[in-house]
Amino acid sequence: MSGRSDRIVPLAVKIVVSGGLGVGKTTFIGAISEIEPLDTEAAITQVSVGVDSLDGVESKTTTTVALDFGRITLDPTIALYLFGTPGQDRFSFLWDDLVEGALGTVVLADTRRIEECFPAVDYFESHGAPFVLAVNRFDGAERFELEEVREALGLGADVPVLECDARERGSVRDVLGALMDRVIGVRAAPKRRVAMVR
């Protein structure tokens, strides 16, 4: 007897969920995680007044101050570990650590505050990281064509842009599937990834 277990240990794949303050990152991870998600939500206090813009999300009372974390097993061979970044610019110094080793990224967008996407989009474009843009549907928010959103953010045709509802497990699953397709496509393209490795 070898004493070894025949149990399959799934490959751990790190995925980052990013975007601006109040865009739905914590909700997105919580909707799909098979474990109780870890979050570092803290109350928004008077200290953040004038520092963090709550225009368009005035009813928000808590915010992520470090990270969100969840896990979803795709099949017996692959488990996605989801890491949500904080949305405020003042916590962006945490991004480098959270992104290290990530296979790809979901950037969430809120059309009520589309300008909040620019820091995340710029960050992942400059790092050559594969990402998809998911426009989170908020009740009462004006709807825009996805190509209008692409144009507003200056995204190339190769970046998938799709709608999602961060509250719905199936919708989140579809976004993660699109990201996996994007990662596979990028990795299959020869020589395009050399700049990222340097």
Side-chain angles (χ1 to χ4, degrees), residues 13-42 44 52-74 79-88 91 94-95 98-99 102-121 123-124 129-146 148-150 152-153 155 159-183:
V13 176
K14 183 178 185 181
I15 299 297
V16 170
V17 180
S18 193
L21 175 67
V23 79
K25 300 177 295 292
T26 302
T27 302
F28 183 96
I29 292 173
I32 196 79
S33 182
E34 65 196 13
I35 62 171
E36 183 68 29
L38 165 72
D39 65 54
T40 56
E41 291 282 298
I44 295 175
D52 300 325
S53 172
L54 295 176
D55 292 342
V57 289
E58 292 84 1
S59 62
K60 187 168 176 59
T61 59
T62 63
T63 186
T64 299
V65 294
L67 64 99
D68 297 312
F69 175 78
R71 183 189 73 211
I72 178 69
T73 303
L74 297 184
L80 298 185
Y81 289 83
L82 307 172
F83 290 80
T85 65
Q88 306 95 310
F91 294 128
L94 295 169
W95 284 24
L98 289 173
V99 169
L103 195 63
T105 303
V106 173
V107 176
L108 284 174
D110 177 353
T111 56
R112 300 170 302 176
R113 312 172 78 223
I114 199 70
E115 68 283 353
E116 294 290 316
C117 281
F118 283 111
V121 168
Y123 181 91
F124 295 109
F131 70 94
V132 299
L133 185 93
V135 179
N136 195 5
R137 293 189 290 253
F138 287 92
D139 295 336
E142 185 177 355
R143 293 287 179 87
F144 294 91
E145 294 294 327
L146 295 179
E148 290 181 87
V149 176
R150 178 190 302 283
L153 292 172
L155 297 175
V159 177
V161 178
L162 55 158
E163 276 194 325
C164 80
D165 186 330
R167 301 166 295 186
E168 295 183 4
R169 181 179 179 84
S171 185
V172 171
R173 184 191 60 233
D174 292 345
V175 171
L176 293 174
L179 176 62
M180 292 296 97
D181 289 345
R182 168 83 169 132
V183 167

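None of the values given here were measured: they were computed from a predicted structure.
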Is a side-chain N or O of [X] found less than 3.5 angstrom from the main chain of [Y], in a donor-acceptor match?
{"X": "K25", "Y": "G19", "value": "yes"}
{"X": "T105", "Y": "V17", "value": "no"}
{"X": "T111", "Y": "R143", "value": "no"}
{"X": "R112", "Y": "G140", "value": "no"}

So which heavy atom on [X] is nearest to which on [Y], and how close?
{"X": "E116", "Y": "L21", "value": "OE1-N, 4.1 Å"}
{"X": "V132", "Y": "V159", "value": "CA-CG1, 4.5 Å"}
{"X": "N136", "Y": "A166", "value": "OD1-N, 3.1 Å"}
{"X": "M180", "Y": "I15", "value": "CE-CD1, 3.4 Å"}
{"X": "V16", "Y": "A102", "value": "CG2-CB, 3.7 Å"}
{"X": "L162", "Y": "D174", "value": "CD1-O, 4.4 Å"}

R169: partners by salt bridge (charged side-chain N to carboxylate O under 4.0 Å, His left out), with sequence neighbours left out:
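Counting only residues at least two positions away or on another chain, R169 forms no salt bridge (charged side-chain N to carboxylate O under 4.0 Å, His left out).
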E148: partners by salt bridge (charged side-chain N to carboxylate O under 4.0 Å, His left out), with sequence neighbours left out:
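Residues passing salt bridge (charged side-chain N to carboxylate O under 4.0 Å, His left out) with E148: none at all.
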Which distance, rounded to the nearest 0.5 Å, do you find between the [atom1] of [X] and the [atom2] of [Y]?
{"X": "T73", "Y": "Y81", "atom1": "OG1", "atom2": "OH", "result": "7.0 Å"}
{"X": "D110", "Y": "E115", "atom1": "CG", "atom2": "CD", "result": "9.0 Å"}
{"X": "I72", "Y": "I32", "atom1": "CD1", "atom2": "CD1", "result": "5.0 Å"}
{"X": "L80", "Y": "L103", "atom1": "CG", "atom2": "CG", "result": "8.5 Å"}
{"X": "F131", "Y": "L179", "atom1": "CZ", "atom2": "CG", "result": "10.5 Å"}
{"X": "D68", "Y": "T27", "atom1": "CG", "atom2": "OG1", "result": "9.0 Å"}

Within the structure provided, determine whether [X] and [Y] are in side-chain contact (heavy-atom separation under 4.5 Å).
{"X": "V23", "Y": "C117", "value": "no"}
{"X": "I114", "Y": "F144", "value": "no"}
{"X": "F118", "Y": "L153", "value": "yes"}

Could you go through L133 and F124, starting from their C-alpha distance and side-chain angles, then the distance that decides it, and tell me whether this counts as side-chain contact (heavy atoms from CB on, under 4.5 Å)?
CA-CA 11 Å; L133 185 93; F124 295 109; over 6 Å; no
Might you work through the side-chain contact (heavy atoms from CB on, under 4.5 Å) test for L176 and F28, ending with a clear yes or no?
CA-CA 10 Å; L176 293 174; F28 183 96; 4.2 Å; yes
